[in-house]
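Shown next, in structure tokens, is the structure this report addresses.
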Amino acid sequence: MLTLNHIREERDQIIKALSKRGLDVSESIDQIISQDKERRSLQKELDDTLAESNALSRQIGELMKSGKRNEAEEVKTQTAGLKAKSTELKDSMQSLEASMNELLYSIPNTPADIVVAGKSEEDNEVVSTHGEQVDLSDSCKPHWDLAKEKDIIDFDLGAKVTGAGFPFYKGKGAKLQRGLTRFFLEKAEEAGYLEYIPPHMINADSGFGTGQLPDKEGQMYHMENDDLYMIPTAEVPLTNIYRGSLVNSSDLPIKICGYTPCFRREAGSYGKDVRGLNRLHQFDKVEIVQIAEPNTSDAALDTMVDHVKGLLEALELPYRILRLCAGDMGFTAAITYDFEVWSAAQGRWLEVSSVSNFRTFQANRLKCRYKDADGKNQLVHTLNGSALALPRIVAALLENHQQDGDVVMPKALVPFVGFERI
RNA sequence: GGAGGUGUGACAGAGUGGUCGAAUGUACCGGUCUUGAAAACCGGCGUACCGCAAGGUACCGGGGGUUCGAAUCCCUCCGCCUCCGCCA
């Protein structure tokens, strides 16, 4: 969430930036500012009241010590009114804070300057396109048919055992998943990311820290008995490693990565979007995360974008990079680059990676700070990116690399999967 | 799951209900010394809010309570440790 200081100091700029998302937050912002002002004056009043009663308490202590019991009792009678007053002030302050927080939580991150205004994916900017984007829809099979024919992914079996959107990978299909995961992890390691295997469930505090809660509650699977959530992405456990911590600036940037399955309810999805591997309730992903100093986070984002580029090139897939418009970005992002691979048989682009800089938006919720050169504690910047999400990569590999009825593995992948063709 | 213990500043670790925002050590910053460094010595060193400042207030795992006054007592939740039970 935005910091109060920022809101106080940059009111107009924030409103202007968020208008790029198609939002008019001027009312909320002004309400926050006025509530904050009121909160401060209540705070002042409360502080004064407490100061007074602290002074009396000290006096009582001294009187007791010097044996003047009666005088002490006398002073005690004066404290009752102060106490009632402070309780009352504290209550109204708390309710004010609660309503202020509700407003704060409802305001998304401000888009970076370079991000264009826009409402939907139609307004996203294509930054670059790589590789040849051939339409093979006549000559090649969509991945769901091919997967069935080669018997490497079983959607029906998944539907029986669990439900739609939970496929079984089988034989070379399973090996392909395992090989891709290892390929991505080793590339991440080469790029300096420390590997973690995080928990696959998280608590509500973590969900709040990275911004899944409260507003995206319905997107996650919730274990009611234990009040835990299945992770929708490794971003959540990985970034929350640093929740509530003060990191040394000499340790920045922190670069970590991890493979996890990801669980998403995807309520309301339908049609060709969910066909085959296009959208699943459970899928595998390798995630990279950076915790960076504010003045280097833009450069860090560029290195993450380059990293993902390298992966897609090694896989010999045609892809393009989009800079999302303000309205299509996630709630917490200041700038996001999406990577899409060309699905030759479906004749459309499939999103396989999303790389974002959240700046201080998550850090503020996470309370993750570092000590700057002047010894002052400052919020860090957090960034993350998929590197990569597997299902649509698999779909694109199957569709783009068909040759004589087989699927030919890209060279770089062969040592990881252990075969050349499917 | 049962019994007991424990949770303090970046870290380690003291703390009889009033003088504790908190000893001490390490780390860190500044200085003296040194050709330089180390060591030694001196000084500084939590966060947030209000205030021009002096200063005030809050925070000792979270929440609640007792009390004029709570790091210190009580309740509760959470984490960690030990023992027992169960178990991949």
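Owing to the predicted nature of the structure, the values given are computational and were not obtained by experimental measurement. Values reported hereafter were calculated over all heavy atoms of this structure, with side chains retained and with hydrogens, waters and symmetry mates removed. Proteins come first, then strands; the chains are lettered A, B, ... in the order of their sequence lines, and each starts at number 1.
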Span that lies between the [atom1] atom of [M] and that of [N], in whole angstrom:
N      : M      : atom1 : result
B/rG46 : B/rG21 : P     : 15 Å
B/rU19 : B/rG69 : P     : 14 Å
B/rA88 : B/rG4  : C1'   : 28 Å
B/rC11 : B/rG17 : P     : 28 Å
B/rA39 : B/rC81 : P     : 35 Å
B/rG61 : B/rA12 : P     : 14 Å
B/rG55 : B/rC60 : C1'   : 24 Å
B/rA58 : B/rU72 : P     : 14 Å

Within 45° cone and under 6.0 Å: A/Lys172 NZ/CZ vs A/Phe419 ring: yes
Between [atom2] on [N] and [atom1] on [X], what's the gap in Å once rounded to a whole number?
X        : N      : atom1 : atom2 : answer
A/Asn203 : B/rG79 : CG    : C1'   : 11 Å
A/Leu82  : B/rU57 : CG    : C1'   : 14 Å
A/Leu42  : B/rA58 : CG    : C1'   : 15 Å
A/Met93  : B/rU57 : CE    : P     : 15 Å
A/Asp48  : B/rC49 : CG    : P     : 18 Å
A/Leu4   : B/rA48 : CG    : C1'   : 12 Å
A/Glu97  : B/rA48 : CD    : P     : 16 Å
A/Glu45  : B/rU57 : CD    : C1'   : 14 Å

Test of ring centre spacing under 6.0 Å for A/Phe208 and A/Tyr105: yes
For A/Val408, all residues meeting side-chain contact (heavy atoms from CB on, under 4.5 Å), sequence neighbours excluded: A/Gln403, A/Arg421
Stepwise salt bridge (Lys or Arg N to Asp or Glu O under 4.0 Å) test for A/Asp48 and A/Lys44: CA-CA 6 Å; A/Asp48 291 346; A/Lys44 174 77 180 137; 3.4 Å; yes
If we ignore angles and hydrogens, is there a donor and acceptor under 3.5 Å between the side chains of [X] and [Y]?
X        : Y        : answer
A/Asp328 : A/Ser120 : no
A/Ser206 : A/Arg243 : yes
A/Gln346 : A/Asn278 : yes

Name the pairing partner of [N], where a pair is Watson-Crick or G-U wobble with both distances under 3.5 Å, or state none.
N      : answer
B/rC41 : B/rG31
B/rG4  : B/rC81
B/rC73 : B/rG65
B/rA23 : none

Given RNA chain B, 5'-ward residue of the pair A/Arg369 and A/Glu62, judged by closest heavy atom: A/Glu62
Nearest-nucleotide 5' precedence on RNA chain B, A/Gln94 against A/Leu50: A/Leu50
Base-contact (B) and sugar-phosphate-only (S) positions in nucleotides 65-77 of chain B, heavy-atom cut-off under 4.0 Å, - elsewhere: --BBS--------
Closest approach of A/Leu82 to A/Thr49 (non-hydrogen atoms, all atoms of both residues): O-CG2, 3.6 Å
